[in-house]
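So the structure is just underneath, and the comments pick up after that.
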There are 2 protein chains.
Amino acid sequence: MSHLGYPCFMAIDRDHVLRSAAALLTRKSTATMDEVAKAAGISRATLHRHFAGRDALVRALEQLGIAECEGALDRARPEEGSAAEAVRRLVREIQPAAGLLAFLYGENQLWEGDRQHEGWQRLDARIGALFQRGQRGGEFRIDLTPVWLTEALYGLIASCAWATLDGRVAARDFPTMIAELLLGGALRREEP
Amino acid sequence: MSHLGYPCFMAIDRDHVLRSAAALLTRKSTATMDEVAKAAGISRATLHRHFAGRDALVRALEQLGIAECEGALDRARPEEGSAAEAVRRLVREIQPAAGLLAFLYGENQLWEGDRQHEGWQRLDARIGALFQRGQRGGEFRIDLTPVWLTEALYGLIASCAWATLDGRVAARDFPTMIAELLLGGALRREEP
DNA sequence: CCCAGATGAGACATTGCTGTCTCATCTGGG
DNA sequence: CCCAGATGAGACAGCAATGTCTCATCTGGG
């Protein structure tokens, strides 16, 4: 045991378990603790040593999802350049976390409670601010509220993640499909 | 008992149970059979007399959702006028079923099986055909596939249904928010 | 080597939901 | 009135997943 009070490899182990769980739960959101353990290559006992219970596991996944989103948002530099380009960067950066987000998006348990994780509010605010910047700069239309645009972004990410799992959308098209639909819509642009 | 083999009021009763269940499960997808029964104002025993089990109930809801979608599609007259207007009509007609669709959309159980209800395929085909018509007519851009546009439509409907439940989007804005985002996107159009 | 700590396998009780059953009660048509 | 059929209330066992426990085993640092 290290001086930290836990073995130095536990951190990466925990991360590995979380990512396996995310990958599995994306495909089968009702997977058992036993299935999650098997997917991570550990026993159910060890899984319970890492996470007190299923609820704790989901909460940890929520935390991970929030962190991934914030990382993606940081890397996308939402204040920089045109808002449209910032949205494209954001979608591109967020793709690796799309499966996890799709799972969390469908986990009603996280939202029905009287109060949800503050991290989501912070994310909503940051993404909403990006859309607002686009509106103020005359780049985005103003008849769609930033709140709705943010919500729609989440919805499209989840849709595309599931469509990708089913093979209805190619993974390499993920960023384009979402960003182009969200930004430009289905209507053809008039040639200038 | 009527000559039909069941009381004449059972049909409407069954429909009432289904709609109550849809309304409840939209808010809490993990609701118990007991909660569903209470929400419909009947006992659990009677609920089991109508639907053999939870699975049968979900399947019946799926059937209802498909029927509502097909009805909305029929009323939207997807072959008539511009494709964009047809999409707007479709979204407007589908709004009453949005909550049910959002529930079904998150019910992975319906999709993970090796084969899903053929009704969805028929719906996908009809909606996809609408988008394809818009593309062929030069109205819609061709770099977003009809399959993805269909998927995105479902996703936006589910997103907006949940956002409406949470009060983040007004119910009266539902058709506009979805149709305008799907058709026009966030970017402002250049003035002609 | 020695041992603390981590792990895997499995036993175990508990819990919440399900599906089925019975029985008393209600209701509407004949 | 009479009765078939529907209903509500509740009992009951079954089941699947959870959470806790023990114990044998493995592993790495000192």
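Letters A, B, ... mirror the listed sequences (proteins, then strands); counts begin at 1. These numbers come from the heavy atoms of this one structure, side chains and all, not from hydrogens, waters or symmetry mates.
Where pairing requires Watson-Crick or G-U contacts shorter than 3.5 Å, the helical stems of DNA chain C with at least three consecutive pairs are C:1-30 with D:1-30.
With respect to B/R77 and B/E93, no salt bridge is recorded, no charged nitrogen being found less than 4.0 Å from a carboxylate O. For B/E35 and B/K38, the salt-bridge test fails: no basic side-chain N is under 4.0 Å from an acidic carboxylate O. Ionic pairing of A/D143 and B/R188 is not present here: no N-O contact between side-chain nitrogen and carboxylate oxygen is shorter than 4.0 angstrom. The pair A/R122-A/E70 meets the salt-bridge criterion, since a charged nitrogen lies less than 4.0 angstrom from a carboxylate oxygen.
To the nearest angstrom, C1' of D/dT7 lies 14 Å from NZ of B/K38. The nearest whole Å value for the distance from the CG atom in A/L47 to the C1' atom in C/dA6 is 15 Å. The distance from atom NE2 of A/H50 to atom C1' of C/dG5 is 13 Å, rounded to the nearest whole Å. Atom C1' of nucleotide D/dT20 and atom CZ of A/F51 are separated by 18 Å, given to the nearest angstrom. Remark: P of D/dA9 and CG of B/D34 are 10 Å apart, rounded to the nearest angstrom. For the pair B/H48 NE2 and C/dT20 P, the interatomic distance rounds to 7 Å; values are reported in whole Å.
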For nucleotides 23-26 of chain C, print each protein N/O atom paired with a nucleotide N/O atom at under 3.5 Å, atom names and distance only.
none

Give every pair of a protein N or O atom and an N or O atom of nucleotides 10-13 of chain C that lie under 3.5 Å apart, one pair per line with the distance.
none

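Taking B/D55 as the reference, B/R59, B/Q109 meet the side-chain contact (heavy atoms from CB on, under 4.5 Å) condition, with sequence neighbours excluded. For the side-chain contact (heavy atoms from CB on, under 4.5 Å) test, residues two or more places apart in sequence or in another chain that qualify with A/T145 are A/V147, A/W148. Considering only residues two or more places apart in sequence or on other chains, A/R92 meets the salt bridge (charged side-chain N to carboxylate O under 4.0 Å, His left out) condition with none of them.
When every heavy atom of B/F140 is checked against every heavy atom of A/L187, the shortest pair comes out as CE2-CD2, 3.6 Å.
Checked by atom type, the side-chain pair B/W162/A/E151 shows no donor-acceptor distance below 3.5 Å.
Positionally, the nearest nucleotide of DNA chain D for B/I42 lies more toward the 5' end than for the other of B/I42 and A/D55.
Residue B/R54 places its side chain closer to C/dG19 than to any other of D/dT20, C/dG19, C/dT7.
Contact annotation: A/S43 does not reach the phosphate of C/dA9 (side-chain N/O to OP1 or OP2, under 4.0 Å).
One N or O on the side chain of A/S20 and one on the backbone of A/H16 form a donor-acceptor pair closer than 3.5 Å.
The aromatic rings of B/W120 and B/Y154 sit perpendicular to each other, their planes meeting at more than 60°, with 30° as the lower class boundary.
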